[in-house]
Amino acid sequence: MGEGEGAFKAMIPLVYHSCYSPEFSQDHRFPMEKFGLLADFLKDRALLTSKNQFVPEPATEYEIIMAHCPDYVREFKNNRLSDKAMRRIGIPWSEGVMRRTFTAVGGTLMTSRLALKYGLAAHLAGGTHHAHEDFGSGFCIFNDLAVVSRILVAEGLAERVLIIDCDVHQGDGTASILAQDDSIFSCSFHCRENFPHRKAQSDFDIELTRGDGGEAYFKALETHLPYILSISQPDFILYDAGADVHQDDVLGYLNLTDGDMAQRDEYIIRLALDQGIPLACVIGGGYSRDRKALAARHGIVHQVAARLFAEYDF
Ligand SMILES: [Zn+2]
């Protein structure tokens, strides 16, 4: 760490833009206000301050077409997608939604650049893993995981990227976009009975069963993740810390507690840091009518990451 960056020491870089929660229907199944509430939750605990908050720029069309069809990107930007395509996304178009969509991809990119510089960084959004090359699905429009890993490789910032997707839903968009991409390894820990019903094929899929709790989850992590690391040999990791594995999530069928989630996050982050591999966290999915409880659940990964960032003393 260079001179003049001392104030930053021991505080994890966090990436957030106030546009992440645009005006949106309160009754919608997608909890759009959770991003702002997550920022409030972390500010209340002095984990997000002016010292460690980084504000991203929107990703450019040029960046997004690293993983998407130019026509799809332009049609979404200009609100020209068909009604059918918008229904599949499940989020109505607005200027605010459009802006946050581009900015959240820029945010995952910024988080990754910060992780490369500091070893570990976390985003307060991201993980839109159901977005495919030329269509969106399941509340996901652009696939930040695929876009950003492609950019890191194209820019020579990483040779081999590993995406560890622990959202309760399979990362089907990521898997299909990156199917032929040898420099990016996608793995997905998800619940078999959850959306999407027709699964894609990641480089490594680990299926849990409806009702599985912490014990089954850790067994899966401990059995497979060290092996996945050894065969993928990554020099960069993108971690989707989906909160919809929680027992109170209204969409997810797994049964993890707050403590289980913290243990999952700690296990994965340590695995990377112990091997000196930079890791960027994104938040993934999480669904609840109780938006504050949901924001707190998403904040588990930031609390764990902040503690480990201080402990590893980058
Ligand atoms: Zn999900």
Side-chain angles (χ1 to χ4, degrees), residues 20-21 24 28-35 37-38 88-91 100-101 104-105 107-108 122-132 135-146 163-178 186-200 202 204-214 216-217 220-221 238-258 260-261 264-265 268 281-291 293-302:
Y20 284 174
S21 289
F24 201 72
H28 198 280
R29 225 146 113 95
F30 187 78
M32 191 62 90
E33 66 268 50
K34 73 180 182 180
F35 308 97
L37 293 171
L38 171 59
R88 188 158 191 187
I89 289 170
I91 292 179
R100 67 98 48 220
T101 298
V105 178
T108 296
H123 194 190
L124 276 69
T128 38
H129 61 170
H130 300 307
H132 288 66
F135 66 93
S137 169
F139 307 138
C140 299
I141 298 160
F142 299 145
N143 193 314
D144 58 322
L145 301 164
I163 298 169
I164 303 175
D165 187 337
C166 286
D167 188 286
V168 80
H169 304 99
Q170 192 208 26
D172 59 336
T174 316
S176 72
I177 292 172
L178 300 173
S186 60
C187 87
S188 177
F189 290 80
H190 55 264
C191 177
R192 184 183 297 115
E193 289 81 3
N194 268 120
F195 176 90
H197 296 296
R198 197 184 311 155
K199 305 284 191 280
S202 313
F204 207 106
D205 285 297
I206 303 92
E207 296 210 307
L208 292 135
T209 303
R210 186 174 188 144
D212 278 351
Y217 203 92
L221 284 182
L238 268 167
Y239 170 42
D240 182 338
D244 44 15
V245 293
H246 194 273
Q247 59 191 6
D248 295 334
D249 191 89
V250 293
L251 298 186
Y253 294 146
L254 296 182
N255 268 324
L256 275 70
T257 62
D258 286 3
D260 292 334
M261 280 180 57
R264 172 194 73 171
D265 298 339
I268 291 170
C281 304
V282 299
I283 69 169
Y287 306 90
S288 172
R289 284 233 157 254
D290 185 343
R291 310 293 208 219
L294 176 60
R297 227 172 273 157
H298 275 301
I300 290 171
V301 69
H302 305 86

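Each ligand, and each atom within it, is numbered from 1 in the order the structure gives. Source: prediction; values computed, not measured.
The minimum distance between the Zn ion (ligand 1) and any N, O or S atom of Asp244 involves atom OD2. Looking at Asp167 and the Zn ion (ligand 1) together, the shortest N, O or S contact belongs to OD1. Looking at His169 and the Zn ion (ligand 1) together, the shortest N, O or S contact belongs to ND1.
In terms of the side-chain contact (heavy atoms from CB on, under 4.5 Å) criterion, residue partners of Ser176 (sequence neighbours excluded) are, by chain and number, His132. In this structure, the side-chain contact (heavy atoms from CB on, under 4.5 Å) partners of Arg192, at least two apart in sequence or on a different chain, are Glu207, Thr209.
Classified by interplanar angle (parallel below 30°, tilted 30° to 60°, perpendicular above 60°), the ring pair Phe139/Tyr287 is tilted.
Side-chain atoms of Gln170 do not come within 3.5 Å of backbone N or O of Lys199 as any donor-acceptor pair.
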